[in-house]
There are 2 protein chains.
Amino acid sequence: MSPARALTSLPAIVAAGRSLLEEGGLDAVTMATVAARVGVKPPSLYKHVRDRAALLAAMATDGAQELAVVLAEAARKRADAPPAERLTALAGAYRGFARRSPRTAAMLFANYGPELQAPLEPAGLAAKPVIDVAAELVGAARSLAAARVLTAFTYGFTSMEAAGAFRFGGDVDEAFQLGVAALARGLAAA
Amino acid sequence: MSPARALTSLPAIVAAGRSLLEEGGLDAVTMATVAARVGVKPPSLYKHVRDRAALLAAMATDGAQELAVVLAEAARKRADAPPAERLTALAGAYRGFARRSPRTAAMLFANYGPELQAPLEPAGLAAKPVIDVAAELVGAARSLAAARVLTAFTYGFTSMEAAGAFRFGGDVDEAFQLGVAALARGLAAA
DNA sequence: ACCTGAACACCGTTCAAGT
DNA sequence: ACCTGAACACCGTTCAAGT
């Protein structure tokens, strides 16, 4: 009589996917491994998620929402600081997120099928504090362009770092700080 | 009597993989589709390549070699130009490569398994002209750090562009040029 | 309304057998 | 020395049947 009670949920499935991703990479995110982790059989996942690609997109969106919180918090703490200092704090907060969730971070701006773009809302939320600092540095007219520059650098750097692409030795922290400082100075002067 | 003549080769397999990648994304690069494109059955590929992950790594290495040629050529043409101008030319050449081969470019600094790092040689070759401009901008002591900053920005920007991540409208070319100019100015001033 | 077992097409990979 | 057909374990996905 009573219809089957839900044993899992979309948030639980997304969380399972993200933890499997960080533990073993994309190949480890299987409908079977995700199902096992949430205590269900693989076909049941399709009641919560259209297919595997949609699950990956939902994981990326979840990461974007988490990042939005992290960035908003960092911006709030330095609300009255000069823009270069707030930019440094934002970049550091992003990098902290990328180190805690490197594989999720590498997914943030990836493309999982043409129909699977993450919704604009979480991305916009994460972008808000970045656009705000950018506006202070270059003015409102070019704030979007400057925010894209800042995001591209931070995303590129942290993705390369996570992939182990910095293999010629040297101090990686120093390089990150040099980049943030150069962008703060160079954008303000542009 | 006569042992079977080779019907394909590693370069042909890598080229087939790259064209399939650009046409249909990573999911389209299948041992079966690659084999069909080079005119062989799937098991034969394993005489030329250890497994699919190694094929993907070889495709990335091939892209890095192509990029090295493109960058060396751009640097050669502007050998006597001021560093900011040569940097602009290098960034433009990289972006041109990324637009011709967006999915290969997105792979350049990705990680396909811990044992599958691309060999250092092609990466170093591609990095050479970037490190050279970086040295002119910030001095030899910080040239590696500055080259990492430049690469991170360019890789991040072109990856986001290829993934369709710039979705708030605005002029994407302008943003790229703003970033290159800001880095040239900001690094020189640092 | 959600869960499951059974089934399907497909994929990566191995291997013995061909030339 | 490289190629092939057959076989295997696994994966994503569908669907009819359960509660």
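Each chain gets a letter, A, B and so on, in the order its sequence line appears, and its residues count up from 1.
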Contacts of A:E85 that satisfy salt bridge (Lys or Arg N to Asp or Glu O under 4.0 Å) - sequence neighbours left out: A:R78
Not counting sequence neighbours, which residues clear salt bridge (Lys or Arg N to Asp or Glu O under 4.0 Å) with A:D173? List them please. A:R95, A:R99
For nucleotides 7-12 of chain C, just jot down a letter per nucleotide in 5' to 3' order: B, S or -, based on protein non-hydrogen atoms under 4.0 Å. ----SS
Between the protein and nucleotides 3-5 of chain C, list every N/O to N/O distance that falls short of 3.5 Å.
from: C:dC3; atom 1: OP1; to: A:L7; atom 2: N; distance (Å): 2.8
from: C:dC3; atom 1: OP1; to: A:T8; atom 2: N; distance (Å): 3.3
from: C:dC3; atom 1: OP2; to: A:H48; atom 2: NE2; distance (Å): 3.0
from: C:dT4; atom 1: OP2; to: A:K41; atom 2: N; distance (Å): 2.8
from: C:dT4; atom 1: OP2; to: A:S44; atom 2: OG; distance (Å): 3.1

Which residues share a side chain to side chain contact (heavy atoms under 4.5 Å, CB included) with A:L10, sequence neighbours left out: A:V14, A:V49
Who are the side chain to side chain contact (heavy atoms under 4.5 Å, CB included) partners of A:E22, not counting sequence neighbours? A:S101, A:P102, A:R103, A:T104
In chain order, what residues pass the side chain to side chain contact (heavy atoms under 4.5 Å, CB included) check against A:T88, with sequence neighbours excluded? A:V180
Applying side chain to side chain contact (heavy atoms under 4.5 Å, CB included) to B:A188 and not counting sequence neighbours gives B:L137
Donor-acceptor contacts under 3.5 Å from residues 24-34 of chain A side chains, at least two apart:
from: A:T33; atom 1: OG1; to: A:A28; atom 2: O; distance (Å): 2.9
from: A:T33; atom 1: OG1; to: A:T30; atom 2: N; distance (Å): 2.9
from: A:T33; atom 1: OG1; to: A:T30; atom 2: O; distance (Å): 3.0

What side-chain donor-acceptor pairs closer than 3.5 Å can you find for residues 149-157 of chain A, not counting sequence neighbours?
from: A:T151; atom 1: OG1; to: A:A147; atom 2: O; distance (Å): 2.8
from: A:T154; atom 1: OG1; to: A:L150; atom 2: O; distance (Å): 2.8
from: A:Y155; atom 1: OH; to: A:A106; atom 2: O; distance (Å): 3.2

Does B:K128 have any salt bridge (Lys or Arg N to Asp or Glu O under 4.0 Å) partners at least two apart in sequence or in another chain, and if so, which? B:D132
Within the 4.5 Å heavy-atom criterion, are A:R148 and B:F176 side-chain neighbours or not? no
Every stem of 3 or more Watson-Crick or G-U pairs under 3.5 Å that DNA chain D joins, in order of first number, is C:4-8 with D:12-16, C:12-16 with D:4-8
